[in-house]
Amino acid sequence: MWSADPQALAQLTHIFTGTLSADNNERKLANDALQQAKLEPEFENYLFSLLVLDNTARSDVRAAAGINLKNSILKERDVDRSFLKENVIQGLLVNDSMVRNITGNVITSLFSIYGMDGWPHCLPQLIELIKNNQTSNIHTQEAAMSALSKICEDSAHQVDREYNGERPLNYIISTLLTLMDPNSSPKVRATAIHCINQFIPLKSQSILVQLDEFLAKLFQLANDENNEVRRNICTAFAQILEARSDKIIPHLDGVVNYCLHLMQDTHEDVALEACEFLLALSTSPATETNKQVFQPKLPLILPVLLDKMVYSEEEIFYMEMIDERDNADVADRDEDVKPQAAKSKSAHTASSKRAKQNQFDVDSDSEYEDDEDDEDDDDDDVNQWSLRKCSAATLDILSLNFPGDVIQISIPILQEKIVANEWPVREASILAFGAISKSCLELAGDKIPTLIPFLVERLSDNEPRVRQITCWTLSRYAQWVNEEARYGNYSNYFQPTFQAIMNCSLDSKKVVQEAACSALSSFIEESDSSLLEVFLAPLLVHFAKCFETYQRRNLVILYDCVQTFVEVMGHDNLAANPQNVETLLTPLLHKWQSLDDNDNSLWPLLECMASVAATLGELFAPYALPVYERASKILAHCIEVEQQCHTDPLIDTPEKDFMVTSLDLIDGLIQGFEGHSADLINGANLMQMLLLCFEDPTDDVRQSAYALLGDLAIFVPEQTVKPCLSSVVVCIGNEINNRNYTSYAVYNNAIWALGEIAVRCTNGELEPYMNNFLDLLIPFINSSDMQQAVLENAAICLGRLGLNGGASKLAPRLVEFIIPWCSHMLYLIDNNEKETCYQGILQAIHENPDQGFGGLSTVQGRKNLSIFITTVAHYFEPPQALKNAIGQTLQSFKAMLGDDIWNNHILATIDPEMKQSLQQAYSV
């Protein structure tokens, strides 16, 4: 058996002691020595000896050795660790709690690599320590349970499998159930439940066959004094609900009562887990199926949820500390500013332009969302997922599933609490009105005319958190306010509401500014430009003041708001007065000039500038060249660094958001200047960079690159795309061919760009690649596991490939895709893409009218033609030239088949309303 050299072990102990020294020089020397020691082949065995066997060393030194051992195991996998696997369990027997805990981490790391096949004795040894109270003291038993718990968390799939014809998990579950005993250690009881919980989502047979016994044990421990036991019981209920709701539904009344009781628990984590069960229940299909079981509980559930939406005393304490330094004139510290990623873009839709995401969607950015990034904030205790946020999210879901009950029960409570003297109660009631906004709009419309003025008044509340939540809640009613302004009886509500939010966005507290600016963006997005015309000049001046006032964190929200405003108002409104453009651009250009090329704060500004440039078009001309040159320079630098980091490991990968936002800004300039952008860009240089971007491993980079490619094809194909056509189509083909589920937005844009190229290329230019693209796209459009938007773009692209002489290649393949083509074209909006797609398909049909549908003498061929004609009938307003072409095609089919077959076979299966439409439009 291997044993450590005492002198070498003493030297390693000395090194680790040095790494923990307060003296910087000593620490540096020790770390250098440690790097040398890592080169020794038996280094891990020495780390183990120091961790487990050396009782003379300090606890922190042994712990440092253990941490290094764990990291070494995870880093180097192809190593003989027989000695470690045979002896590491001994660390759980050591009296030192730190050593036991770190040994558990080492065991978990080893098991994650070797599993049961490579370390079959691990789980039996742990179970033996857990079960055998005669050889294991309580500390050892708990340490072994802790190690088993970590293995169950990290390697549940590994454990849930057969080994040598048996399922060890069956025995493990049985053992864990026996440990769920009121007389066992509280930590053991809690950990046993936690271990079993890891296998319920896997729907493991080992637990499902013992689920009734598990539930009985949970009920037996329901009133356990240990808070971790109660917390894990709630988690178990939620897991069982998800995996086998039929097991929990018969006990639902008692389980709901239990969780409502625990929501009053003094331990926040227990109360939160209890609320998590109610949230899971509100979203579970079982609730939809068993509404009659759950619905009677709402009178008990809703008041508790409303009560728990009030900030706790601890949260209020932290907020008061935060708000003291939250003044607008205090610069943000680096730690106050979360790292900002470029906004995720939607892929090109069948109408070609990316849709702007609604950042106020309750599922993506709600006031009560569980935002993991918030955990890095200084005000972590306020912003992290909490009982308050979970309660609000549950209320939101319940208001959608049981709108009538929620309105009936909640409104009387909220009407009383919303005028409470205690601001936290007032604030929570306003939050609740936001959470149930959709139900209020549907079923409590008579309350909204009173609610909106009250909320506007609350924007002047003395408490900043009340002003903050009021902004958010008002944003949830933005659609109602805007619709009333256009069509309703309360048209006079828009101006004071909008003005109050504007005023609030210059609040003295940054947290209120952020909420108000987001609400302002929401109102703008919901508005018709005619409603905003009166605010055009004042808003631009207002934005300029915000740029002077806002610190770095809130500038991100402001950029988005300005971008939304520019897109809604459009070119003509902004161009009506030259002063508008100057007022808009002056603060943006000031920020543009003040930020370095490597400043992450440039990302949201680049995104904003992309929209502004695209909207202003020629009005942006005085600034276009320097803006393009800088965006191009940033992009070129990132590409260069990206290439260097592949050959030099010391060079860090560039921030890809610089590439994404630079590409988007160049795209915005192309959209804004259209054909004139040829005078602005260096076509050859831009295409060279774009081709490299097509090879980038990051999806967002390629997505933006293909979006830019499509716009270059639309506006400046001769100067950019056509000279590089061979390389471009190879990249597009590779993107489609190498697609995976996560990259759908990328290959969607690539397909869209190919369609734009096809419209503008002659047959001679695309002919060499046609067969390859048809071989890629035809199976693609026939697949059943693609997103609808991608299939629509593929259908459009296939049709467009029939233009400019491509019909001769497309015609023989029509029968392979005409039916899915029809299904994806049926309800597309009318636009240029749809028009050109139809033109290409009609040309292909003319090349081969009979065989294109599989032979019109066959039943299937005639059925296919009927489907095509139905699709044509749904194209209600084609341009006149296309309408004439469609009419000629239909008339030629009618003449070819004769009246009898036309009327009794082709038109017989078409909806009477559609037949009438065809008769009126095409006289067929």
Side-chain angles (χ1 to χ4, degrees), residues 1-16 34 37-152 154-155 158-159 163 168 172:
M1 179 178 171
W2 183 88
S3 61
D5 180 291
Q7 188 175 353
L9 187 61
Q11 186 178 2
L12 188 62
T13 304
H14 179 71
I15 290 173
F16 275 111
L34 182 60
K38 287 180 180 179
L39 302 176
E40 295 298 323
E42 296 177 333
F43 177 64
E44 287 186 357
N45 288 355
Y46 275 96
L47 291 175
F48 163 79
S49 298
L50 180 51
L51 169 67
V52 174
L53 305 178
D54 190 351
N55 294 324
T56 63
R58 288 174 8 203
S59 287
D60 57 345
V61 171
R62 297 173 77 176
I67 292 169
N68 273 266
L69 176 57
K70 185 195 82 167
N71 293 339
S72 178
I73 290 168
L74 295 174
K75 185 177 180 181
E76 299 291 338
R77 295 181 172 241
D78 298 327
V79 177
D80 180 10
R81 296 193 171 99
S82 303
F83 175 76
L84 276 182
K85 289 186 285 184
E86 288 173 11
N87 295 281
V88 70
I89 298 290
Q90 295 178 44
L92 302 177
L93 303 172
V94 176
N95 288 330
D96 191 309
S97 62
M98 192 181 297
V99 171
R100 293 196 303 273
N101 289 337
I102 292 178
T103 298
N105 292 333
V106 172
I107 291 170
T108 305
S109 301
L110 281 169
F111 192 86
S112 70
I113 293 172
Y114 298 103
M116 286 191 293
D117 291 331
W119 194 13
H121 303 302
C122 174
L123 294 178
Q125 286 178 319
L126 288 176
I127 295 296
E128 183 63 28
L129 285 180
I130 291 167
K131 287 182 62 179
N132 197 337
N133 294 326
Q134 295 177 352
T135 59
S136 304
N137 60 36
I138 186 62
H139 300 303
T140 295
Q141 187 186 33
E142 290 178 351
M145 279 295 289
S146 180
L148 179 62
S149 172
K150 293 184 180 79
I151 288 174
C152 293
D154 297 345
S155 306
Q158 274 269 21
V159 178
Y163 179 75
I172 293 172

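Heavy atoms only: backbone and side chains are in, while hydrogens, waters and symmetry mates are out.
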Less than 4.5 Å apart, side chain to side chain, heavy atoms only: is that true for [X] and [Y]?
X: Gln90; Y: Leu53; value: yes
X: Tyr46; Y: Asp5; value: yes
X: Phe111; Y: Leu123; value: yes
X: Cys152; Y: Val159; value: no
X: Asn68; Y: Ser72; value: no
X: His121; Y: Ile89; value: no
X: Leu74; Y: Ser112; value: yes
X: Arg62; Y: Asn55; value: yes

- Message: Ile151 vs Cys122, test: side chain to side chain contact (heavy atoms under 4.5 Å, CB included). Steps then yes/no.
- Response: CA-CA 10 Å; Ile151 288 174; Cys122 174; 3.9 Å; yes

Quick one: [atom1] on [X] to [atom2] on [Y], what's the gap to the nearest 0.5 Å?
X: Leu50; Y: Leu69; atom1: CG; atom2: CG; value: 10.0 Å
X: Leu51; Y: Phe16; atom1: CG; atom2: CZ; value: 10.0 Å
X: Ile67; Y: Lys70; atom1: CD1; atom2: NZ; value: 7.5 Å
X: Leu110; Y: Asn105; atom1: CG; atom2: CG; value: 11.0 Å
X: Lys38; Y: Lys75; atom1: NZ; atom2: NZ; value: 6.5 Å
X: Leu47; Y: Leu34; atom1: CG; atom2: CG; value: 8.0 Å

Quick one: side chains of residues 143-150, donor-acceptor pairs under 3.5 Å with protein atoms, not counting sequence neighbours, listed by atom name and distance.
{"from": "Ser146", "atom 1": "OG", "to": "Lys150", "atom 2": "NZ", "distance (Å)": "2.9"}

Over all heavy atoms of both residues, which pair between [X] and [Y] is shortest? Give the atoms and the distance, please.
X: Glu44; Y: Arg81; value: OE1-NE, 2.6 Å
X: Gly118; Y: Pro120; value: C-CD, 3.7 Å
X: Val99; Y: Gly91; value: CG1-O, 4.2 Å
X: Leu84; Y: Phe48; value: CD2-CB, 3.4 Å
X: Pro168; Y: Met116; value: CG-SD, 3.8 Å
X: Val106; Y: Gly66; value: CG2-O, 3.8 Å

- Asn137 and Thr140 side chains, donor-acceptor separation under 3.5 Å: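 The answer is yes; a qualifying pair exists.
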
- Item | Whether over 12 other heavy atoms sit under 6.0 Å from Glu42 CD |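 Yes, the 6.0 Å shell around CD holds more than 12 heavy atoms from other groups.
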
- Query: In a check of side-chain contact (heavy atoms from CB on, under 4.5 Å) between Leu92 and each of Ile130, Leu129, Asn101, which one passes?
  - Reply: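 The residue from Ile130, Leu129, Asn101 that satisfies side-chain contact (heavy atoms from CB on, under 4.5 Å) with Leu92 turns out to be Leu129.
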
